[in-house]
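Let me begin by presenting the structure, written as structure tokens, before commenting on it.
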Amino acid sequence: LGALHEPATSGEAEGLGQWGHLLLVRKIGEGAFGEVYHAHDTWLDHPVALKLLKPNRLGRDFATRMLHEARTLARVRHPNVVTVHGADNHQGRVGFWMDLVEGRTLADLVAQGRLSHGEAVHIGQELCLALAAVHGAKLVHRDVKAQNVMRASDGGRIILMDFGAGEFIDQAGGGPRIGTPLYLAPELVAGGSASVRSDIYALGVLLFFLVTGTFPVNGGSLSELADAHTTKRRRRLRDVRPDLPDFFVGIVERALASDPLRRYSSAGEMHAALSGEPAAGEVVAPRSRRGQARARAPVPAWRSTWRVCPA
């Protein structure tokens, strides 16, 4: 037992100081109020990601927000959701540590060129599974976007990150708009409540972005976005990518419906659509000689090499 009190050392853990039992290796990202570090857990001799409050964000409100994100993440356990391992307060800085995910964000991937619809289907399936776990824990994410989703370099697993805006479903009322404006459902732009269906809308925006590099509704401010939604100035996926198959376009357009009741009722229902499973009571049309029926989505190549289409 005495050995447990002697921190392990690692050649990678040098240079940026220490926070509790975690050695800071390098900074890997930052947001408005937090910094994320590649760190080394000296007790377990294992790499982790450490999210710390910025030195200029040490007030009580910011600490409460950081702990809120950690507690929200701790409620969800799923392979497609980042796992949090602990939270603490050292030297006046609140933080929490979680799995270190080596890879790239979907925003980084799209910056190289839009993705094929097959790759978008695979990403959508895995994010539906992640959201089903989030919603099953009675939470809404409220900030599904390309910057908050990682593709792990080890195996290509899709991982939903950043739960700073997450909230319990029965507490996610109206008021201040939380989330990234271009991904906000119209009811949220109007000041309404977040819900499972507003997360579905954000996923629809993400799929649209993956295959086009653009957004269905644009605006330089919340008021411009609200006006665009009110006047129904939304680009259709078919107009931007006429080459995409009907089944994929239909799924994205349904997720982006202005009326929440016309969207998928759950992440599980959207996952079934992306997997080519007919809805309850639906009759799948037989394929014609010319292969025009497109009721079923192609099975994604789970282990295939990812391809990036030129913009």
Side-chain angles (χ1 to χ4, degrees), residues 7 13 16-103 105 127 129-145 147-150 152 157-173 175-176 178-180 194 196 199 202:
L16 294 182
Q18 187 164 347
W19 183 84
H21 68 289
L22 302 177
L23 295 176
L24 279 57
V25 179
R26 69 178 187 275
K27 182 186 287 189
I28 56 178
E30 65 179 290
F33 71 100
E35 299 173 330
V36 182
Y37 293 88
H38 174 167
H40 186 79
D41 187 323
T42 60
W43 294 124
L44 300 181
D45 195 18
H46 185 74
V48 296
L50 170 65
K51 186 169 185 177
L52 288 175
L53 277 178
K54 287 184 174 180
N56 61 343
R57 295 286 192 270
L58 300 183
R60 182 185 181 94
D61 290 344
F62 291 108
T64 299
R65 183 174 176 179
M66 180 71 78
L67 287 175
H68 169 78
E69 180 179 359
R71 289 165 178 162
T72 301
L73 269 171
R75 289 178 59 87
V76 184
R77 286 289 185 268
H78 190 272
N80 296 114
V81 177
V82 68
T83 300
V84 66
H85 297 292
D88 212 333
N89 185 341
H90 291 287
Q91 302 158 357
R93 297 183 74 181
V94 172
F96 63 91
W97 58 101
M98 53 194 160
D99 286 343
L100 177 66
V101 180
E102 298 283 4
T105 69
L127 286 177
L129 295 176
L131 285 176
V134 172
H135 298 158
K138 306 301 181 185
L139 299 166
V140 284
H141 187 279
R142 298 207 292 185
D143 202 16
V144 176
K145 61 181 179 180
Q147 294 88 339
N148 285 345
V149 181
M150 294 280 294
R157 181 163 50 103
I158 301 301
I159 303 174
L160 182 61
M161 317 279 287
D162 201 330
F163 279 64
E167 189 56 272
F168 289 104
I169 290 175
D170 59 0
Q171 297 176 3
I178 297 177
T180 303
V196 167
D199 276 352

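Since the structure is predicted, the reported quantities are computational estimates derived from the model, not experimental observations. Just so it is clear, the values below take in all heavy atoms, side chains as well, and ignore hydrogens, waters and symmetry mates.
Taking the six-membered ring for Trp, Trp97 and His85 have ring centres at least 6.0 Å apart.
No side-chain donor-acceptor contact under 3.5 Å links Arg142 to the backbone of Asp199. A distance-only check finds a donor-acceptor pair linking the side chain of His141 to the backbone of Met161 [under 3.5 Å].
Annotation: side chain of Tyr37 is in contact with side chain of Leu52 (closest heavy-atom distance under 4.5 Å). Residues His90 and Gln18 form no side-chain contact, since every pair of their non-hydrogen atoms from C-beta on lies 4.5 Å or further apart. Residues Ile159 and Val149 fail the side-chain proximity criterion, which asks for heavy atoms closer than 4.5 Å. Taking 4.5 Å as the limit, every side-chain heavy atom of Met66 sits out of range of all side-chain heavy atoms of Arg71.
Residue His40 holds its NE2 atom at 11.5 Å from CG of Leu100, rounded to the nearest 0.5 Å. Here the straight-line distance linking atom NE2 of His46 with atom CG of Leu22 works out to 11.5 Å at 0.5 Å rounding. Atom OG1 of Thr83 and atom CE of Met98 lie 10.5 Å apart (nearest 0.5 Å). Taken to the nearest 0.5 Å, the CG atom of Asn148 stands 5.0 Å off from the CG atom of Asp143.
The pair Lys27-Glu35 meets the salt-bridge criterion, with a side-chain N (NZ, NE, NH1 or NH2) lying under 4.0 Å from an Asp/Glu carboxylate O.
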